[in-house]
Structures are given as structure tokens and as C-alpha cells.
Number of protein chains: 2
Amino acid sequence: MDDGLPASGAQDGTVGKALDVLDMVASKGRPVRFTDLLAEGRFPKATLYRLLQTLTNQGMLAFDPERQSYAPGMRLVRLAHSAWRQSSLAPIARPHVDALAAAVGETIHLAQLDTGQVLYVDKRNARQPVEMFSQAGKVGPAYCTGVGKAMLAWLEPAELASVLARQSFHRFTDYTLDSPEALMAELAAIRARGFAFDREEHEPGIICVALPILTRGERVLGALSVTSTTARTTLTALEALVPRIRDTAARIAAEAESWRFPEQDTKGGR
Amino acid sequence: MDDGLPASGAQDGTVGKALDVLDMVASKGRPVRFTDLLAEGRFPKATLYRLLQTLTNQGMLAFDPERQSYAPGMRLVRLAHSAWRQSSLAPIARPHVDALAAAVGETIHLAQLDTGQVLYVDKRNARQPVEMFSQAGKVGPAYCTGVGKAMLAWLEPAELASVLARQSFHRFTDYTLDSPEALMAELAAIRARGFAFDREEHEPGIICVALPILTRGERVLGALSVTSTTARTTLTALEALVPRIRDTAARIAAEAESWRFPEQDTKGGR
DNA sequence: CTTTTGGTTCCAATATGTGAAACTTGGTTT
DNA sequence: AAACCAAGTTTCACATATTGGAACCAAAAG
């Protein structure tokens, strides 16, 4: 529930501001009144008002006249459907994730990195039917989740630095790595080892193994994790699953590459 | 696969144009190159170029430098997650839909009306695991689906007129109602009967029963349908499920109302 | 009845967005 | 190679949309 997104950064033009407002509305997890947004102090009254109006009659926001409040609009859901299908790994990965889920019988997460945060794009629950969208689209911290660390570990130094700067290093549990230095050391270990653990760093009792999904050129596409609880299993037991997960990750990567770059073999560099 | 969204309508300011571009990119189901968009003729070169840049570095679009193409960006997925949780019926309806799915063992759809189109916000497959997001967020025609007609039938005249104007009346099958008049007659019948059928109007072999989800004041919140095939069942058999579906719809409506308007009883009118 | 709170509209100043045309860039053709 | 495209990028004078302080209005509170 703790969030704290550290502002978006540069804002280009009116469009940038409008999207900023959209984020403001979305990030409060509930319908917001005009005043709530105004109180944020990011925009003057009239400006905010106009932006809200524009977004509303574009369907990006929904205005509830009874409660006089704004909420993210359904047009976003429509657009996101396209985004998910086209830009995420999920559609490509699905069959492989299914197979993995069937094989290991534990909760699987498929994630990508977005703006320095972990974005879950697909999920399989242990036994019960999939939890849909309510899980896909969710974001989480990168520095204290298995998938997050797995991706960070293979980032290029420049990219890593920029991502690192965005981490809040909030101490969720006693095991949370709460400094860039601690994280850097951990990332080196992960890179050496080839996979990441989550040792109850985000939620007490929750542990996982995670592997990055890498292109042949070692560019990070996403990450895959198997999650369980300390009550049910141990890190050592989870580690036994690594080969299976690695295989799945490799298949996904291969397919993603051949799907996005139909032919490209003779070309050398990145 | 046939689509044909009849343009968005009024475009307010730069933001409107930017969102238009976003739609253009999203509506092609694949990565698009600059020229493809330019060919659409909606915007002059330089303008389109700038809009694309803005959207891209806002994360609303993703640019693939290798293929030189644009696709909807992951920021949309993040935003849509909020939208789905806050503005859709799905989170409220979930337990009820689950129960219904367990009871009837057929495919269930939960839909809402958006811009004159049916927007599926949740789905349960008959037995096999849910088909995820690839279904939630999908849009379909209103005039030839069970959920669509169920919602249209309870719309206020003014609203109905505006929705009607947006229908393409494409003839998907021999049974598709392909004129406003035919549809109006059908809607009257549906209103009288209390529920809607889909008699293979959208896809051959696919039939369903659908009921609207209405507030106490008969305002349309969404619709719920049970779908099957002519091979497996008949309309008459589906009709037997109506009481069960009606009950589910009522529960969802009740919860939606009490959730969105915590207390409000003495107030008279709409 | 006055005041406050929350929301909407005005309007002149100006920052922003516009788009025709000129310019690169990288790949073809002659 | 030189000449030629086509696709993508940048420029720049001009127009327009955006800005935000302040005035305004409505409904609730005092």
C-alpha cells in the first residue's frame, strides 16, 4: 500500500501536464475531488480545471457527478489492452508460463521494468483460476522483489544508475536491502549466481526465486519468478527449480526475439 | 477482426490530438511506422512527428529503434490497472461472477458500455483457466452481442440515440440485426422480456443470454452474460439460467450502489 | 443574513503548438 | 561512384491554444 512515486520528471508541453494529472488521479487509489488535486499544489486552479475537463471528455477520466469526483476512465482499459498485447512479453510468454505453472504448481510472476519499477504483466496462482488484470498492471518496488533484482542485475551501468536513483529503499521488512550499496553488492552476487532470491525482503513469510529473461545480447526483456511461503518451502527447495525456470526464460526470450526481429543473424553488435 | 471505429469526434486542443494519435497507434493491432500514421492523413508531418515524440518520452508509446516503429506503451498498462480497479464493475463483481461461473459451468462475460461499444471487463471460461487480459479490455459491437443489447435496452432515449449513431451495423452473420429499426424492435422486446439473447448474431454457432445490471433507479451499470454454443445447448436451456443470472446481477448492482454511495436513501429523485 | 468553501468562467499576456519547406540520412538505382 | 530517392528530422515565422490571477457564482456553514 505504501507507494511514493518520486514525481515524473521533465514535462513536455500541455500533453505532459495532462498526463501528469492523469497520474495524479490514478495514483490515489480512489475517486478524487477537484480540491484534493488542487491541494497537491502542482497546478493553479484554472489550469487544473481545464486539464481535468479535457481528460474527462476524452474518456481518460470518468467524472461522477453525484460524488463530484474523478477516477481513471475506461478508455484507458481499452488502450491498455492494445499495449498489453503488443508491447508486453505476456502474450508471447503465456504458453511457456502455463507450462511452467503446471510443472511447479506454485505462484508464477512475469514482470517487466517500467520507469524503475517492477510491472507485473502476467501471473499464475498456485491452483485457483488466474486473478486477471487485477494483478497484471500492478506495480511493485524493484529493489526488494525477486523479479526486480533479477532485472536490475543485468542492466547496463548507465541504465542501472538511473533506475537506482528512483528507488525509495523503504524498509518493508527486517530483510529489506535499504541502501544502494547493499543492493549493488546483492546485484553482483546475483549476476555471478545467475538468479535472484527474495528472502522475505518485501513481505514477511514470502520468498521467491527469480531469473531474468535476456536476449542473446544480454539485454533485459523481463523476469520470471516462482513464489512461495516460508511455511511451505525453503530457498533451497526453490533453488532446485532454477533449471526449469531458466529453460522457460530462454524459450520466452528466443520467441520474443524471433517475433520482434523476424530475421537478423548476420548483424554483429547490439 | 472487422473494426471501423468511426473517429473520435471533437478534439479539444493539443491533448485531444495527442490522444487521437494514441488511438491511431493502438487501433492498428501491430507496431506502426511513422509513415503508416502519416498516410492516415490526419496530421501534417511535423505535427505528427512532435506528438509521437511527446507521447513516446511520456511512456504512453514505446518506440522500437530497431524496427523504427511505435506501439502503445507500458505506462498505459499501469494506468489501466487503476482504471480497472476504480471505475469498472469488475472488482466488485468478482466474487459474484465467480459464484455464477461455478454454478453454471459456462463462459461468463461481464461488460460495460464505453463510447457506444461493449467493453469486456471480466470473463470466466467454462472450465479451462481464464484467458486473462487478452479478454478483459477487449471491445466488441453493442448491436449484435447479448451484453450489448441488454445494456442498450435500458438506456435513456437520448443516450440510446447517441449510441445508435455510433453503430456500424456490419452484418457478421445471417442473423445480425443490420438496421437501427430492427434493433429498436429487438430492444423493445428485450425490455419487455427482461433479458436478451444473442442468436448467433455476432459469431456463427455462438449463443448467449444476457441481463443488464441496473441500479434501483434503472440506470445501466453493465451487463452479464452466459455464453455457449449451438452444439452444446439451446436458447431454451440458457433461458433456464435467467433467474440465477438475474440474482447475480442484482447482487452486483446492490453492492456497486452501496459502495459508491455509502448512504443515500431518503433522497427522492434520480 | 453573512461568510466560507468548492467550483466555474473571463480575459489579456504569452508561451506553445503549428506546418510548409528545407534539410539530413541511409539505402537504391543508373 | 554519382545521382537519386524515400523516410525521417529540424527550422522558423506565424497563429493559436494555454495560462493563471482574479472575478464570479452556488451551495453549505456559521
Side-chain angles (χ1 to χ4, degrees), chain A residues 8-25 28 30-58 60-71 261-270, chain B residues 8-25 28 30-58 60-71 73 261-264 266-270:
Chain A
S8 38
Q11 62 177 59
D12 26 13
T14 315
V15 177
K17 290 182 194 177
L19 296 177
D20 247 9
V21 172
L22 204 56
D23 269 344
M24 283 168 57
V25 175
K28 317 258 178 193
R30 57 188 160 70
V32 252
R33 272 204 315 294
F34 181 84
T35 320
D36 300 326
L37 296 170
L38 187 60
E40 212 115 311
R42 318 255 280 103
F43 301 97
K45 223 184 196 182
T47 303
L48 180 62
Y49 180 71
R50 242 174 316 99
L51 289 174
L52 285 171
Q53 273 206 161
T54 304
L55 288 169
T56 301
N57 73 50
Q58 287 290 335
M60 300 297 279
L61 290 179
F63 180 69
D64 177 348
E66 320 227 13
R67 311 209 71 189
Q68 295 211 141
S69 61
Y70 298 88
F261 323 117
E263 67 272 336
Q264 174 245 51
D265 268 299
T266 45
K267 277 282 182 75
R270 62 160 54 265
Chain B
S8 39
Q11 63 177 58
D12 25 14
T14 315
V15 176
K17 289 181 194 176
L19 296 177
D20 248 8
V21 172
L22 204 55
D23 269 344
M24 283 168 58
V25 175
K28 317 257 177 195
R30 57 189 161 69
V32 251
R33 271 202 317 292
F34 181 83
T35 320
D36 300 325
L37 296 169
L38 186 60
E40 212 115 311
R42 316 256 279 106
F43 300 98
K45 223 185 194 182
T47 302
L48 179 63
Y49 180 72
R50 246 173 315 100
L51 289 173
L52 285 171
Q53 275 207 158
T54 304
L55 288 170
T56 301
N57 72 51
Q58 287 290 333
M60 300 296 280
L61 290 179
F63 180 69
D64 177 348
E66 320 227 15
R67 311 208 72 190
Q68 294 211 140
S69 62
Y70 298 88
F261 323 117
E263 68 273 336
Q264 174 245 52
T266 47
K267 277 284 183 73
R270 62 161 54 263

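Only this structure's heavy atoms are used, side chains among them; waters, hydrogens and symmetry mates stay out. Lettering follows sequence order; numbering is per chain, from 1.
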For B:Gln53, all residues meeting side-chain hydrogen bond (donor to acceptor under 3.5 Å, both in side chains), sequence neighbours excluded: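 Scan of B:Gln53 (side-chain hydrogen bond (donor to acceptor under 3.5 Å, both in side chains), adjacent residues dropped) gives B:Tyr49.
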[atom1]/[X] to [atom2]/[Y] distance, rounded to the nearest 0.5 angstrom?
| X | Y | atom1 | atom2 | result |
| --- | --- | --- | --- | --- |
| B:Leu61 | B:Tyr70 | CG | OH | 8.0 Å |
| A:Leu22 | A:Gln58 | CG | CD | 11.5 Å |
| B:Leu19 | B:Leu51 | CG | CG | 10.0 Å |
| A:Thr47 | A:Leu52 | OG1 | CG | 10.5 Å |

Would you tabulate the side-chain donor-acceptor contacts of residues 31-40 of chain A under 3.5 Å, counting partners in other chains and residues two or more places apart, or write 'none'?
from, atom 1, to, atom 2, distance (Å)
A:Asp36, OD2, A:Arg33, N, 2.9
A:Glu40, OE1, A:Lys28, NZ, 3.0

Roughly how many Å is it from CD in B:Gln53 to P in D:dG8, rounded to a whole number?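 One finds 13 Å between P of D:dG8 and CD of B:Gln53, rounded.
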In whole Å, what is the span from the CG atom of B:Asp64 to the P atom of D:dG8? 13 Å
So the contacted stretch of DNA chain C, first to last nucleotide with an atom under 4.0 Å from a non-hydrogen atom of chain A, runs from C:dG6 to C:dG17
Using a cut-off of under 3.5 Å, enumerate the N/O to N/O pairs linking the protein to nucleotides 26-30 of chain D.
none

For A:Ala18 versus B:Val15, what's the shortest heavy-atom pair and its separation? CB-CG2, 3.7 Å
Phosphate-side-chain proximity, B:Tyr49 and D:dG8, N/O vs OP1/OP2 below 4.0 Å: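 B:Tyr49 to D:dG8 OP1/OP2: no side-chain N or O under 4.0 Å.
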For each nucleotide in nucleotides 18-25 of chain D, reading 5' to 3', give B when a protein heavy atom comes within less than 4.0 Å of its base, S when such contact involves only the sugar-phosphate, and - otherwise. SBBB----
